[in-house]
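Small disclaimer: the values here were computed from a predicted structure and weren't measured. Both ligands and their constituent atoms are indexed starting at 1 by order of listing. Throughout, residue positions are numbered sequentially from 1 according to the sequence presented.
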Amino acid sequence: MKKTVQMYEGKAKKVFKTDNPDFVIVQYKDDATAFDGKKRGTIAGKGAINNKVSNHFFQRLEQIGVQTHFVKELSDRETVVKNVEIVPLEVIIRNVAAGSFSKRYGVDEGTQLAISTLEYSFKNDSLGDPLINDYHAIALRLATRDELDKINRMAFMVNEFLTGYLLGIGIKLIDFKLEFGKFKNEIILADEISPDTCRFWDKDTNEKLDKDRFRRDLGNVEGAYIEFMSRLLGE
Ligand code: TMP
């Protein structure tokens, strides 16, 4: 497969066309942003770590019947994925209160939730990715009811799988963000699952092994990404 022109540059990835219109190549960057791009920095080695970590999760998820955009890892930072049309929603699952949920509802970070929850944000940086409900998403033609039902089912399957898998390596899955895309009229899992898009806490110490170390200036950001990858992949 031949990489051709750049199609898009996001905050953490670039996307290139290939000679096959069904496939594109994503290239993971070391750039990190937070708060809708207002905070900017670099996390050395992040691109290669997120590429490997996300591909590992996506391949495991395929094995349990979750369809994803993953096709083939090309190199340290590059992966061939299906050329989906992204549904402009950030789908967030939470098991334990943290981040914006804790702030919004006045719940201490670390409080176990009575049930795992799901919420959507409208993917729109200039509006600050506002929280949106299912009626609003359908009204704005972002997705249909059937698509949202499928997205919800898939998101909870991902949660169930990841929660157990990560506990096996001593990590609690606090919350995470997924994005979905349409490929040949099917909803499939897209974007990435990595320390950029999840909260991972050490099971015993609650040490944060994710991008909150960057967002909150907690230090040892690179070390946390490396620690997460080595627990997951033994590298
Ligand atoms: P929040 O508590 O800040 O709403 O974040 C919930 C989860 O979503 C957390 O695991 C981090 C992830 N996330 C992203 O992947 N991208 C984002 O832009 C934001 C705000 C959060």
Stepwise side-chain hydrogen bond (donor to acceptor under 3.5 Å, both in side chains) test for Asn159 and Asn95
CA-CA 9 Å; Asn159 187 43; Asn95 300 307; 2.9 Å; yes

Heavy-atom contacts with Asp196 under 4.0 Å: which atoms of ligand 1 show up? List them by number with element.
15 (O)

Whether the side chain of Asp30 engages the backbone of Lys46 through a donor-acceptor N/O pair (distance < 3.5 Å, no angle test) should be reported.
yes

What residue and atom, counting heavy atoms only, is the protein's closest point to atom 3 (O) of ligand 1, and at what distance?
Arg199 NH2, 3.6 Å

Evaluate Ser102 against Arg94 for side-chain hydrogen bond (donor to acceptor under 3.5 Å, both in side chains), listing each step before the verdict.
CA-CA 11 Å; Ser102 285; Arg94 300 180 190 270; over 6 Å; no

Same cluster or not: Val221 versus Leu218, using hydrophobic residues (I, L, V, M, F, W, Y) connected whenever any side-chain heavy atoms lie under 4.5 Å apart?
no

Val96 vs Lys172 side-chain heavy atoms within contact, under 4.5 Å
no

The protein heavy atom nearest to atom 8 (O) of ligand 1 is Lys177 CB, 3.5 Å

Among all protein heavy atoms in this structure, tell me which lies nearest to atom 20 (C) of ligand 1, with the distance rounded to 0.1 Å.
Glu90 OE1, 5.0 Å

Passing candidate, side chain to side chain contact (heavy atoms under 4.5 Å, CB included) with Phe176, options Val158, Ile193, Asp210, Thr163
Val158

Taking distance alone, with no angle check, do Asp129 and ligand 1 share an N/O pair under 3.5 Å?
no

Give the atoms of ligand 1, by number and element, whose distance to some non-hydrogen atom of Gly99 is under 4.0 Å.
2 (O)

Hey, are Asp196 and Arg215 close enough for a salt bridge, meaning a charged N less than 4.0 Å from a carboxylate O?
no

Are Met154 and Ile187 packed together at the side-chain level, in the sense that at least one heavy-atom pair is separated by less than 4.5 angstrom?
yes

Heavy atom of Arg94, distance to ligand 1 below 4.0 Å
yes

Quick one: which ligand 1 atoms are inside 4.0 Å of a heavy atom on Phe176?
10 (O)

Checking Lys17 against Tyr8: charged group under 6.0 Å from the ring centre and within 45 degrees of the axis?
no

Give the residue, atom name and distance (to 0.1 Å) of the protein heavy atom nearest atom 1 (P) of ligand 1.
Ser100 OG, 3.3 Å

Quick check: does Glu119 get an N/O under 3.5 Å from an N/O on ligand 1?
no

So is Arg215 in contact with ligand 1, going by heavy-atom distances below 4.0 Å?
yes

Specify the protein heavy atom at minimum distance from atom 7 (C) of ligand 1: its residue, its atom name, and the distance to 0.1 Å.
Asp175 OD1, 3.7 Å

Give the atoms of ligand 1, by number and element, whose distance to some non-hydrogen atom of Cys198 is under 4.0 Å.
10 (O)

Quick one: does Ile174 get a heavy atom under 4.0 Å from ligand 1?
no

